[in-house]
Amino acid sequence: MSHEKFLVVGGYGTKQKTIFLHGEDAMTYLNEKRNRRKFPRFRTERELFVLHSDFGRIEEIGIGGMAFTYVEKNGPKNDQRKKGTLFSKEDDYLLELPLKTISDHIVCQSTSGKLNIRKRVVVFDDLERKEVDQLERFILNNANIQTKFFQQGATASPY
């Protein structure tokens, strides 16, 4: 008897189906289900920051959007600016990119509840061609991009 582990995916009602996957196929299936982004995101190689209602540190970034952490002071704000500025310590920056907040949640709560660390996920909203080119250059200069991604013929640009 084989001791391989299988992933069984089920449905409900009449649309029930079972798929038997194992090993690498199971992990690929799970990763594709969890990550529905149109474009990949990359971990930052250098310290990158954003000013978007709050001042935060960018954790990952891609052509489609980014995730950053920030310190929430005195409770949540309703001030969700529509534009944000990205910059690095090396004086590399992008001014007033259109952003749309997808999620914003607490990742570390203080005991007093006054200073919480939050994570905000945003997408770049209706970028012009010039902004896409600038963003692509910013990502290439500051993110940790695995070379095998580009060896497969993929491009980071949505155009």
request  = Apply side-chain contact (heavy atoms from CB on, under 4.5 Å) to the pair H105 and V107, showing each step before the final yes or no.
outcome  = CA-CA 6 Å; H105 61 276; V107 291; 3.9 Å; yes
Rounded to the nearest 0.5 Å, how far apart are [atom1] of [X] and [atom2] of [Y]?
| X | Y | atom1 | atom2 | result |
| --- | --- | --- | --- | --- |
| E136 | L127 | CD | CG | 11.5 Å |
| R43 | E60 | CZ | CD | 5.5 Å |
| E90 | L48 | CD | CG | 8.0 Å |

ask   = Could you go step by step and tell me if F68 and V122 meet the side-chain contact (heavy atoms from CB on, under 4.5 Å) rule?
value = CA-CA 9 Å; F68 63 93; V122 298; 4.2 Å; yes
Could you pull out all residues at least two apart from [X] that satisfy side-chain contact (heavy atoms from CB on, under 4.5 Å)?
| X | answer |
| --- | --- |
| Q109 | I106, N116 |
| T111 | none |
| D92 | S88, F138, N141, N142 |
| V123 | R41, K100, I102 |

ask   = For F87 and L94, what are the C-alpha separation, side-chain angles and deciding distance, and is it a side-chain contact (heavy atoms from CB on, under 4.5 Å)?
value = CA-CA 6 Å; F87 56 96; L94 295 173; over 6 Å; no
Does any non-hydrogen side-chain atom of [Y] lie less than 4.5 Å from one of [X]?
| X | Y | value |
| --- | --- | --- |
| R118 | C108 | no |
| I61 | L135 | yes |
| I139 | I63 | yes |
| R57 | V50 | no |

key: Candidate pair H52 and R120, rule side-chain hydrogen bond (donor to acceptor under 3.5 Å, both in side chains), full reasoning   = CA-CA 10 Å; H52 178 244; R120 184 176 298 158; 3.2 Å; yes
Aromatic ring proximity, centroids under 6.0 angstrom, Y70 and F55 = no
task = Could you tell me which non-hydrogen atom of D91 sits nearest to which non-hydrogen atom of Y93, and how far apart they are?
result = O-CD2, 3.4 Å
Considering all heavy atoms, the nearest F124-G62 contact = CE1-O, 3.1 Å
What I want to find out is whether [X] reaches [Y] closely enough, with some N-O distance under 4.0 Å, to be called a salt bridge.
| X | Y | value |
| --- | --- | --- |
| K119 | D104 | no |
| K82 | D125 | no |
| D133 | R137 | no |

Residue list, salt bridge (charged side-chain N to carboxylate O under 4.0 Å, His left out) with K89, at least two apart or on another chain = E47
inquiry  = The test is side-chain hydrogen bond (donor to acceptor under 3.5 Å, both in side chains); show your working for T44 and E59 and say whether it passes.
reply    = CA-CA 6 Å; T44 57; E59 301 292 326; over 6 Å; no
query = When you look at T85 and L97, which way does the side-chain contact (heavy atoms from CB on, under 4.5 Å) test go after all the steps?
reply = CA-CA 6 Å; T85 299; L97 287 178; over 6 Å; no
